[in-house]
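Any value given below was found using the heavy atoms of this structure, including those in side chains, with hydrogens, waters and symmetry copies removed. Since this is a predicted model, take the numbers as computed values, not measurements.
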Amino acid sequence: MPKHPSLDTLRLEGNLGSSWIKKVEQVVKSVLVSVYVQLDFSNETWSAALSKPQTLPTASASSSLGTLTGLSLTTECSVNHDGCTYCACLSGYQWNNSVCSRHQPCQTLLEHRPCGCLIFCTNEAGYCQLLPPVPATLSLNSWLQMPGSTLNLTLLTSQEITNLKWFLWRTGSPSPSPILLQAGTRVSLTSSRGRVLLSIVNITYKWAGDYICCFEAQGFRWELHQMVKVSLRAIDVAQLPDQLSISCASSPGFQLSCCIPSEHLGYTASWSPGEGSEASSFNTSDSQCFVLAVRRCPAADTTYTCDLQSPGLSPLRVPVSVTIIQGGDTTCPEDSSAGAWNVTKAGHVAQAPCPGNKTGTVKRTCRPDGVWGPIHSSCTDTGLLALLYRARLLRAGQGWPDEEVPQILAQLPDLVVVVTSPSDLLALVNTVKVLAKIVASARIQLNGSALEALLKTTDKVLDMDASSLWTTARAQISAVGSNLLLAVETLARSLCPQDHPFSFGLPNVQLQTQLLRPTPPSDYRVSFSTQPMLQAHIPKHSLAPLGHNGTNVSVTSLMLRKLDHFLPSNYGQGLGDSLYATPGLVLAISIMAGGQVFNKGEVIMDFGDTNGTPHCVFWDHNLFQGKGGWSDAGCQVQAASASPTTHCICRHLTAFSILMSRHTVPKNTLLELLGQVGLGASIVALLVCLGVYRLVWRFVVQSKVAYLRHTALLNVVLCLLAADTCFLGASLLPPGPHSPLCLATAFLCHFLYLATFFWMLAQALMLAHQLLFVFHQLSKHRVLSLMVFLGYLCPMGFAGVTLGLYLPRGQYLGEGACWLDRKGGVFYTFVGPVLAIMGVNGLVLAMAVLKLLRPSLSEGPQVEKRQALLGVIKALLILTPIFGLTWVLGLATLLEEVSIVPHYLFTALNTSQGVFILLFGCLMDRKVQEALRKRFCRSQPPNSTISLGEQPSPGGHSQVS
């Protein structure tokens, strides 16, 4: 094959020694003359001596031309069978950027390689040029790095450089090319004028090798190299076993091994003690193992050490403890039913290798009582582990994310079939999780085929056995389901614009995407072929703000079946600690606008007909320290008017579903009827109470205590009557936060019911004041002012603060009713004060009874006042336990594990409060009874009854009740 070396001083044609075709013009002495010269060797072998600089004979003194002192060859070319010329530069020379950018390299060379050999398929003259001095220096803090340290590579430049790239050719790597380094979780790049710093934190043996800095300067491409070595850590060495207990009687010999990664084949190993043993080694696809076969069992407990050494690296000592079972020791017997488990000493852990193409160990603890514990396996498929490590290094900063992420995704569907253990499942989910983080941070756009591979993998993962795989995997990492959901969400919305619209469906996964372009349509609607059909739409007003900046807007809708069953049973504020059932569907909706995720906007979803009372929820990945949990913040249930289905309205975009309480009492017509009848009876009773007061008022308020007592009771009646009327009328209003009437009714009910109980508190505190401060009594008007403040302003403050705190969070109204949300903290702003008031009233009653039964001579109340206070005590003594029991039952109904009985009792008692007040607060009062008899009966009984402050007649008999 002809070769065409080029000389940099003159051009020759023909064989070596042929005549000059072109003469060299006269030049100034000692000046380098650069002329293109071509020598052809058609039938001769190229002599290696010609590649060296040639010294020419001294010219004669009579010659008028200058003296040519030497020739230096720069380029060696050969003609290939395809007719193209392959030209390689000799040492010290290189093709410049201009020529290099127009021609292909001779072999499959990476972009970072300098232009050392090019292919010329056209008749183009050229030659390699002399390289100038290197315009930069590359230094590092230390060529020997300890694990966990930080590697710093510093590039100092004296010229302007461009197209700077960093590469790593890993030690022992089977890859035929180096790996690109870029910013990641471990790699950082900082630059300033004349200085570029590459830093790698928490370095391990995966970062050992030849570091290459590539850049362009002065018209050439440059490479600078630095070699870095990293010692192994103890955790990088796999021992099998790491501890061993053995019975010399049953097993006179045993075998120990320590394995190192194949990247460090430069290590040698020696075992100690080595007497009576034989050492050997063998290689696997990813490791090198050093084995010690012990022929004679030691007489006592012994620690064997695997000493690893490599030139220039710190030695590493890995101990393996061997415990000898002595006579009388408690042991676990040999067990071959669940594998080959030898006799093991109590309190020790037996180990076995993983079967087949698996990496890890199988461990089993021998309990102190000599009984085998459960088997724990960390065996993971080697292929899955390799993909996980590759993804982690890619995120750390090694590799080409745009190319490697689709490649890894394309391999996942074939590897799903090898998932046979929880460790395999965790490795697969972690790989998808790491890829999602890479895509999100690097803003990578995936093509349709990569997305299909992801969806096929997800479909098979969701079909895996829940009891044998998912349950154990969740026991190890509770957030594994949440991690899968977030990863699939992130990757699904990363589809490149040219592949929209995209639709793909499998039994457990359905995906639909749409590119709305800069101008969104009126509404976005999507439906999925589920049973019942799952539908969603985003109104126009939520999409309108996205089209103003002229960027593309894409909507991704993803339906995942069964995944909600694999999510942790975590419920955020507003849902309590109850147990819920999910419908088996999760709907994730994402909007991308200009490469950014748009999370705001209203979405309306229809999950079909549901049993019981549903809760519209979304999966919040930030709850429970990042483990995730269901939350109903910003979501509301709205009953559909024309169908039995329920619509969910949420004001943000994420992964949605619905929850149905497993113990919720279903809608019961008898219970609803009981509540309505009770409220009606309460309203009638309160109206009767007002009528009675209208007739007897001037007869029952003749003393200060009686006036204050009946004024408080009258306000209780008025507040409870207004509250019951509002609550009964609320069922006629459309529920939901968008209904001002519903919101106002809920606020009024909250305020009026609280006012009812605060007036009862005012009555009790008035009683306490009359008993405790006998000689320091306040005026009637002062006490009445304080009672009005306590009875109306305090509950108004409670109700107002509750509205301001919980309404913005979407946690104020309950679902399907114009009343407080019974599942959140808002309901306790009502029940809490009620129970506190009942507790205070109970304490006041106890104190009052003791005070009146044992009055001191100095402070005992007068007879008239004593009778009035006994009337107050009698009413509170009956009403306080009844009202307290009512709301204790009300709290019991919030514990959804209880039966239906507390619901019936609470409804009956709660809706009958007006009847209790009429009977025990009004009609059973002796003074009221006497006033009614005076009103309707003209005759007066011979014995008068003194009650609530009436003066006894002289000579008459007084009755106290």
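Other residues, nucleotides and ligands contribute only 12 or fewer heavy atoms inside 6.0 Å of the CD atom of Gln104. Counting non-hydrogen atoms of other residues, nucleotides and ligands closer than 6.0 Å to CD of Gln498 gives a total above 12. Residue-environment remark: NZ (Lys206) exceeds the threshold of 12 foreign heavy atoms within 6.0 Å.
Using cut-offs of 30° and 60° for the angle between ring planes, the Phe167 and Trp400 rings count as tilted. Between Phe504 and Phe502, the ring-plane angle classifies as parallel under the 30° and 60° cut-offs.
Looking at every heavy atom in both residues, Leu511 comes nearest to Ala492 through CD1-CB, 4.2 Å. Residues Asp236 and Pro261 approach most closely at O-CD, 3.6 Å, considering heavy atoms. Gln512 and Ser527 make their closest contact through NE2-O, 2.9 Å (heavy atoms, listed as atom of the first residue, atom of the second, distance). Shortest non-hydrogen contact noted between Lys358 and Cys354 is CB-CB, 3.6 Å. Of all non-hydrogen atoms in Thr171 and Gly209, the two that sit nearest each other are OG1-CA, 3.2 Å. Of all the heavy atoms in Asn447 and Ala450, the pair that sits closest is OD1-N, 2.9 Å.
Asp606 contributes no side-chain N or O that, together with a main-chain N or O of Gln535, makes up a donor-acceptor pair within less than 3.5 Å. For Arg561 (side chain) and Pro507 (main-chain N/O), a donor-acceptor pair under 3.5 Å exists by modelled atom type. Ser191 places no side-chain N or O within 3.5 Å of a backbone atom of Val196 that could act as its donor or acceptor partner. Of the possible donor and acceptor atoms, none in the side chain of Glu404 sits under 3.5 Å from a partner among the backbone N and O of Arg390. Although no hydrogens or angles enter the test, the distance criterion places a donor-acceptor pair under 3.5 Å between the side chain of Asn508 and the main chain of Asp459. The main-chain N or O of Leu153 is never found under 3.5 Å from a side-chain atom of Ser199 such that the two would form a donor-acceptor pair. A donor-acceptor pair is defined here as one N or O able to donate and one able to accept, closer than 3.5 Å; no such pair exists between the side chain of Asp499 and the backbone of Cys496. Ser478 places no side-chain N or O within 3.5 Å of a backbone atom of Arg474 that could act as its donor or acceptor partner. Looking only at distances, no side-chain donor or acceptor of Ser554 sits under 3.5 Å from a matching main-chain atom of Leu515. When atom types are taken as modelled, the side chain of Ser542 and the backbone of Ile538 share no donor-acceptor pair closer than 3.5 angstrom.
Side chains of Ser287 and Ser262: no donor on one and acceptor on the other come within 3.5 Å. A donor-acceptor contact closer than 3.5 angstrom is absent between the side chains of Asp424 and Thr380. The closest side-chain donor-acceptor pair between Tyr524 and Ser557 falls under 3.5 angstrom.
Side chains of Gln476 and Pro422 form a contact here, defined as non-hydrogen atoms less than 4.5 Å apart. Residues Leu454 and Val432 meet the side-chain proximity criterion, which asks for heavy atoms closer than 4.5 Å. Between Gln445 and Leu495 the shortest side-chain heavy-atom distance does not fall below 4.5 Å. At a threshold of 4.5 Å between non-hydrogen side-chain atoms, the residues Val461 and Leu425 count as touching. Using a 4.5 Å cut-off on side-chain heavy atoms (C-beta onward), Leu168 and Ile212 make no contact. Looking only at side-chain heavy atoms (C-beta outward), Leu455 and Lys460 stay at 4.5 Å or farther from each other. Met464 has its side chain within reach of Val419: a pair of non-hydrogen atoms, C-beta onward, lies under 4.5 Å apart. Residues Pro401 and Leu394 are in side-chain contact: their nearest non-hydrogen atoms beyond the backbone lie under 4.5 Å apart.
For Asp463 and Lys562, the salt-bridge test passes: some basic side-chain N is under 4.0 Å from an acidic carboxylate O. For Arg170 and Asp210, the salt-bridge test fails: no basic side-chain N is under 4.0 Å from an acidic carboxylate O.
Sulfur-to-sulfur, Cys635 and Cys650 sit under 2.5 Å apart at their SG atoms.
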ask   = Run the side chain to side chain contact (heavy atoms under 4.5 Å, CB included) check on Leu560 and Leu585 step by step: do they pass?
value = CA-CA 6 Å; Leu560 298 169; Leu585 297 177; over 6 Å; no
inquiry  = Pair Lys627, Ser482 - check side chain to side chain contact (heavy atoms under 4.5 Å, CB included), show working.
reply    = CA-CA 7 Å; Lys627 296 179 181 178; Ser482 179; over 6 Å; no
task = Let me see the working for Thr382 and Thr359 under side chain to side chain donor-acceptor pair (under 3.5 Å), right down to the final yes or no.
result = CA-CA 6 Å; Thr382 305; Thr359 300; 3.3 Å; yes
request  = Would you check, one step at a time, whether the test side chain to side chain contact (heavy atoms under 4.5 Å, CB included) holds for Leu516 with Ile591?
outcome  = CA-CA 10 Å; Leu516 305 182; Ile591 296 181; over 6 Å; no
inquiry  = Test side chain to side chain contact (heavy atoms under 4.5 Å, CB included) on Gln398 and Ile179; report intermediate values, then the result.
reply    = CA-CA 6 Å; Gln398 287 190 24; Ile179 304 169; 3.7 Å; yes
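The NZ atom of Lys433 sits 8.5 Å away from the CZ atom of Arg395 when rounded to the nearest 0.5 Å. Remark: Arg392 CZ to Asn430 CG distance equals 6.0 Å, nearest 0.5 Å. In this structure, Ser590 OG and Arg493 CZ are separated by 4.5 Å, a value rounded to the nearest 0.5 Å. Here the OG1-CG distance, from Thr654 to Asp620, works out to 7.5 Å after rounding to the nearest 0.5 Å. Atom SG of Cys214 is separated from atom CD of Glu223 by 4.5 Å, given to the nearest 0.5 angstrom. Expressed to the nearest 0.5 Å, how far CG of Leu197 lies from OG1 of Thr190 amounts to 4.0 Å.
Of the residues Leu491, Leu435, Val405, the one that meets the side chain to side chain contact (heavy atoms under 4.5 Å, CB included) test with Ile444 is Val405. With Trp619 as the fixed residue, the ring pair (Phe, Tyr, Trp, His ring centres under 6.0 Å) test singles out one of Tyr571, Trp630, Phe624: Trp630.
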